Each structure stands twice: as structure tokens, then as C-alpha cells.
Amino acid sequence: NNLAVTKGTDDSAPQAGSTLVAANDKGDLIWKMPDTKGVLAPKLVCAAKVGTTSTNGRLVYYDTKILDGENALSGDATTGSVYTVPKTGLYQIFLNLSNYQRIGTDYWWYGIFKNGSVIGSSDFPNFSVSGVLFVVEELKAGDLISVRLQSSAYGYKADLTKISVFRFE
């Protein structure tokens, strides 16, 4: 048996998004809207991937834009991609990276950089691997975000290397 509620105790339909919180002693259902004060929702503002594998270099270039409505992602294979923050706010930068090869005997790592300083990184032992990294950071309009490989990693694989940028609104 299914129960469908079509009217509240005031003889009107419950508001869309409201939650049933109780019933009184007469059997009337009590509905409340969730408190959304201070709640921010992530909005996807940029998404890109690497479409061409790079066999050298440490500056990641996202040559295939999936979404960039604010035209904030720029760069080339020599300088790497840079996301120029268009609007001050709280952002999440989500990254998947698969390195092309390893050279040497030590570890390798990659990082998300803001204005040339690392704000998030992850390191791996000396073999080819994919990794996921994200940061939540307060960013200002004009901040420059980039992704770099460090240590003994050279190059990155196509299709498995992606970036997504969310702004909380």
C-alpha cells in the first residue's frame, strides 16, 4: 500500500522540497522546509581533459574543453593550461591525473598551484599510476590555477587526465 499526501493540515499541498517532520495527536502531518541558510551548492564552471598524450613536460595542458562558459581556461602545450579565476568565491578543484612514464628511482608527485604556490598535492612511488586530488580553496578574481608534475614524472596520458572546477554559490 502506498500513501500519497495531497494536502497539509492547512488544507493546501505541502511545499515542494518540504520534509515530513512529525504528526500531532490528531494525526495531522507537520511539514517543514529545510533550513538552507548558509548552504552553498557547487556549480560546475569548467571541465576539460587531455586529448593528446604528452610524453614529456611537467606543465599539464588541457587541450579538450568540455565546459568553459566563462572562458577562464587558456594555455598551450608549452606553457600548460591556466584557469584564471573570474569571480571571487569558494571553489573546489577536482583533478584526475595519469602519468605517462617514470624516470629515475624516486617518487613523483603532482600538484594544484595557485599563483605559483602549491595548494594541494599527492605523491606516488616510482611507477606509472593514476591519482585523484581535490582542494577546496577561497579564490580571488584573477588568481591563476595550474597543474604540474614534479620529481621523476614526465608526461601525462590522454583521456585519463581531467580537471573540473566548481564554484560554490
Side-chain angles (χ1 to χ4, degrees), residues 16-17 19 33-169:
T19 303
M33 289 298 292
D35 180 13
T36 58
K37 183 179 179 184
V39 174
L40 300 175
K43 176 184 177 184
L44 181 63
V45 294
C46 183
K49 68 178 186 172
V50 170
T52 304
T53 295
S54 170
T55 57
N56 60 33
R58 296 180 179 184
L59 302 172
V60 179
Y61 173 52
Y62 297 97
D63 60 353
T64 307
K65 291 183 182 182
I66 299 165
L67 171 71
D68 188 18
E70 297 173 317
N71 201 28
L73 189 65
S74 62
D76 57 44
T78 303
T79 61
S81 288
V82 174
Y83 177 80
T84 303
V85 175
K87 181 178 174 183
T88 296
L90 186 64
Y91 285 76
Q92 177 182 9
I93 301 151
F94 185 86
L95 173 67
N96 184 70
L97 190 137
S98 184
N99 75 324
Y100 177 74
Q101 65 183 350
R102 57 178 172 73
I103 297 175
T105 58
D106 59 350
Y107 69 98
W108 68 275
W109 66 277
Y110 65 96
I112 299 171
F113 289 75
K114 175 176 87 173
N115 301 326
S117 297
V118 67
I119 58 173
S121 67
S122 190
D123 61 334
F124 298 93
N126 188 21
F127 51 85
S128 294
V129 68
S130 291
V132 173
L133 174 66
F134 73 91
V135 296
V136 174
E137 185 85 6
E138 187 71 34
L139 300 174
K140 295 178 183 167
D143 281 345
L144 304 176
I145 303 300
S146 60
V147 176
R148 298 182 203 161
L149 287 86
Q150 302 291 329
S151 300
S152 60
Y154 291 86
Y156 42 88
K157 294 181 183 175
D159 298 322
L160 298 177
T161 301
K162 301 174 185 178
I163 190 169
S164 301
V165 179
F166 296 87
R167 183 174 52 242
F168 291 90
E169 299 182 343

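The structure presented is a predicted model; accordingly, all values stated were derived computationally and were not measured.
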Hey, is the main chain of [Y] close enough, under 3.5 Å, to the side chain of [X] for a donor-acceptor pair?
X      : Y      : result
Thr161 : Ser98  : yes
Lys65  : Leu73  : yes
Asp63  : Gly51  : yes
Asn96  : Leu160 : yes

**Message:** Here's a test for you: under side chain to side chain contact (heavy atoms under 4.5 Å, CB included), which of Leu133, Val82, Leu59, Leu95 qualifies with Val147?
**Reply:**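 One option only clears the test, and that one is Leu95.
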
Which atom pair, heavy atoms only, marks the closest approach of [X] to [Y]?
X      : Y      : result
Glu138 : Lys114 : O-NZ, 3.9 Å
Val85  : Ile145 : CG2-CG1, 4.2 Å
Arg167 : Val45  : NH2-CG1, 3.7 Å
Tyr110 : Gly131 : OH-C, 3.0 Å
Ala141 : Pro86  : CB-O, 3.9 Å
Tyr61  : Gly75  : CE1-O, 3.4 Å

Kindly compute the distance separating [atom1] ([X]) from [atom2] ([Y]), expressed to the nearest 0.5 Å.
X      : Y      : atom1 : atom2 : result
Ser74  : Tyr62  : OG    : OH    : 13.5 Å
Leu97  : Lys162 : CG    : NZ    : 12.0 Å
Phe113 : Asp143 : CZ    : CG    : 15.0 Å
Cys46  : Asn71  : SG    : CG    : 9.5 Å
Asn115 : Lys140 : CG    : NZ    : 9.5 Å

Sub-4.5 Å side-chain heavy-atom contact between [X] and [Y]:
X      : Y      : answer
Lys157 : Val50  : no
Phe134 : Ile112 : no
Tyr91  : Tyr83  : yes

